[in-house]
**Q** 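I have a structure I would like to understand better, so I am pasting it below and will then ask my questions one at a time.
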Amino acid sequence: MQNITIAIDGFSSTGKSTVAKQLAKHLGYVYVDTGAMYRAVTLYAMQNGLIDAEAFNVETLVDHLPEINISFKFNAELGFAEVYLNGVNIEKDIRTLEVSSFVSQVAAISEVRQKLVEQQQKMGADKGVVMDGRDIGTVVFPDAELKLFMTATAETRAQRRFKELIERGDQVAYEDVLNNVKERDYIDSNREDSPLVKADDAIEIDNSDLTFEEQFEKILQLVKSVI
Ligand code: C5P
């Protein structure tokens, strides 16, 4: 069985990472959460006073890029790799609504994308990888053997995200989560550099009305058809 590259792109909170993690585990592949990398740069900018509700210092953030070191370390208990920023585990800190509210602005900066795409290409160079994000099938691995594009209605996605945030103890309002989902969709789809678009050869999966098991089975069949 040959090792392939599986690119999973799509809008925010479509369940890409849940399915990608499960798929990587099933196939014995490496899973790379590229959204976590953009979130890590955003957290760095927040921690260093380069971004807040009033100001966003793009030039200074670009100057700081060489100091931002993002890495992943496999956590056997959780069964996936957690993200580290300059050696510190930030897996929980990057999932807040505050980080979500700034991340799309940070991800629209070309210099940020250039740095992270280069690292992602190195991480997936040996194939046997499931990578999820917004530009994996179009920019990072345009030759990926299998490309999936996940969609679901904004309301379905916001409900899922809201439930996740409440379960981890965050005090958030559903309306704010829904607005954030819509805002990120808009910025991600309309930015100049690597906008979120479905690659011509990607297979679209609308999971609004699919259970996780139905979706996973469907994807597994697609994987089997190419390996
Ligand atoms: O996947 P997740 O929702 O964690 O991604 C957070 C944000 O990072 C996205 O809304 C998008 O702005 C950015 N992103 C990106 N390109 C990727 C992955 C994420 O621009 N490959």
Side-chain angles (χ1 to χ4, degrees), residues 5-21 24 31-46 51 56 58 61 68 70 72 80-83 85 90-124 129-142 144 147-152 154 156-158 160-165 168 170 172 177-199 202 207:
T5 301
I6 302 176
I8 305 186
D9 288 304
F11 295 101
S12 307
S13 308
T14 39
K16 299 185 299 294
S17 62
T18 311
V19 89
K21 268 181 205 156
Y31 162 60
V32 181
D33 174 357
T34 65
M37 300 170 77
Y38 289 94
R39 287 173 180 272
V41 176
T42 307
L43 185 69
Y44 177 96
M46 287 163 59
I51 192 170
F56 180 19
V58 174
L61 175 56
I68 302 179
I70 300 166
F72 289 90
F80 64 90
E82 294 183 292
V83 64
L85 170 62
I90 51 158
E91 187 63 36
K92 286 208 173 68
D93 304 329
I94 57 167
R95 310 281 170 200
T96 62
L97 190 56
E98 199 186 3
V99 171
S100 297
S101 70
F102 294 125
V103 66
S104 289
Q105 294 176 64
V106 170
I109 304 170
S110 288
E111 288 88 345
V112 171
R113 304 204 68 80
Q114 209 178 332
K115 175 185 168 93
L116 299 189
V117 167
E118 204 174 294
Q119 186 176 350
Q120 290 153 13
Q121 287 171 333
K122 278 189 192 142
M123 291 171 84
V129 67
V130 183
M131 199 172 279
D132 81 350
R134 304 292 187 287
D135 58 343
I136 312 305
T138 50
V139 176
V140 183
F141 289 114
K147 298 181 187 178
L148 304 175
F149 191 83
M150 315 270 282
T151 62
T156 304
R157 293 183 282 128
R160 290 179 189 151
R161 191 84 192 103
F162 176 66
K163 191 165 166 268
E164 265 170 39
L165 289 167
R168 47 170 265 168
D170 288 5
V172 290
V177 178
L178 178 62
N179 287 338
N180 175 256
V181 160
K182 288 182 178 168
E183 186 184 55
R184 281 200 285 146
D185 285 356
Y186 182 81
I187 302 176
D188 293 346
S189 307
N190 289 283
R191 67 180 174 224
E192 241 166 71
D193 190 345
S194 326
L196 167 62
V197 283
K198 176 184 163 301
N207 62 23

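For reference, positions follow the sequence shown, starting with 1. Heavy atoms only: backbone and side chains are in, while hydrogens, waters and symmetry mates are out. First listed ligand is number 1; within each ligand, the first listed atom is number 1.
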**Q** Applying a 4.0 Å heavy-atom criterion (strictly less than), which segment of Glu183 is in contact with ligand 1: side chain, backbone, both, or neither?
**A** neither
**Q** Which atoms from ligand 1 have a heavy atom of Asp135 less than 4.0 Å away?
**A** 16 (N), 17 (C), 21 (N)
**Q** Between Arg184 and ligand 1, which part of the residue brings a heavy atom under 4.0 Å of the ligand: side chain, backbone, both or neither?
**A** side chain
**Q** Do Leu116 and Thr34 have side-chain heavy atoms sitting under 4.5 Å apart?
**A** no
**Q** In the protein, which heavy atom is nearest to atom 1 (O) of ligand 1, and how far is it?
**A** Arg134 NH1, 3.1 Å
**Q** Are Arg39 and Ser100 close enough that some pair of their side-chain heavy atoms sits under 4.5 Å apart?
**A** yes
**Q** Would you please determine whether Met37 falls within less than 4.0 Å of ligand 1 on a heavy-atom basis?
**A** no
**Q** As an exercise, identify every atom of ligand 1 less than 4.0 angstrom from a heavy atom of Ala107.
**A** 12 (O), 13 (C), 20 (O)
**Q** Are any of the N or O atoms of Arg39 closer than 3.5 Å to those of ligand 1?
**A** yes
**Q** Measuring only between side-chain heavy atoms, which start at C-beta, is Ser194 closer than 4.5 Å to Thr138?
**A** no
**Q** Considering the heavy atoms of Val103, write down every atom of ligand 1 situated less than 4.0 Å from one of them.
**A** 6 (C), 7 (C), 8 (O)
**Q** Using a strict 4.0 Å cut-off to heavy atoms of Asp188, name the atoms of ligand 1 that fall inside it.
**A** 9 (C), 10 (O), 11 (C), 12 (O)
**Q** Does Arg95 reach ligand 1 with a nitrogen or oxygen that is under 3.5 Å from one of the ligand's nitrogen or oxygen atoms?
**A** no
**Q** Gly133 heavy atoms, cut-off 4.0 Å: which ligand 1 atoms fall inside?
**A** 17 (C), 18 (C), 21 (N)
**Q** Out of Gly35, Ser12, Ser13, Pro195, indicate the one that has the non-hydrogen atom closest to atom 5 (O) of ligand 1.
**A** Gly35
**Q** Is the number of heavy atoms from other residues, nucleotides or ligands within 6.0 Å of CD (Gln121) greater than 12?
**A** yes
**Q** Considering only the protein, which heavy-atom contact is closest to atom 18 (C) of ligand 1, and what is its distance?
**A** Thr34 OG1, 3.3 Å
**Q** Starting from atom 16 (N) of ligand 1, locate the nearest protein heavy atom and write down its residue, its atom name and how far away it is, to 0.1 Å.
**A** Arg113 NH2, 3.0 Å
**Q** Compute whether any side-chain donor of one residue and acceptor of the other, for Asp188 and Ser104, lie under 3.5 angstrom apart.
**A** yes
**Q** If you compare all heavy atoms of Ala40 against all heavy atoms of Ile90, which two are closest, and at what distance to 0.1 Å?
**A** CB-CD1, 3.5 Å
**Q** Compute both the distance and the angle, then confirm whether Lys198 meets the cation-pi test with Phe149: under 6.0 Å from the six-membered ring centre, within 45 degrees of the axis.
**A** no
**Q** Given side chains that start at C-beta, do those of Val139 and Asp193 come closer than 4.5 Å, heavy atoms only?
**A** no
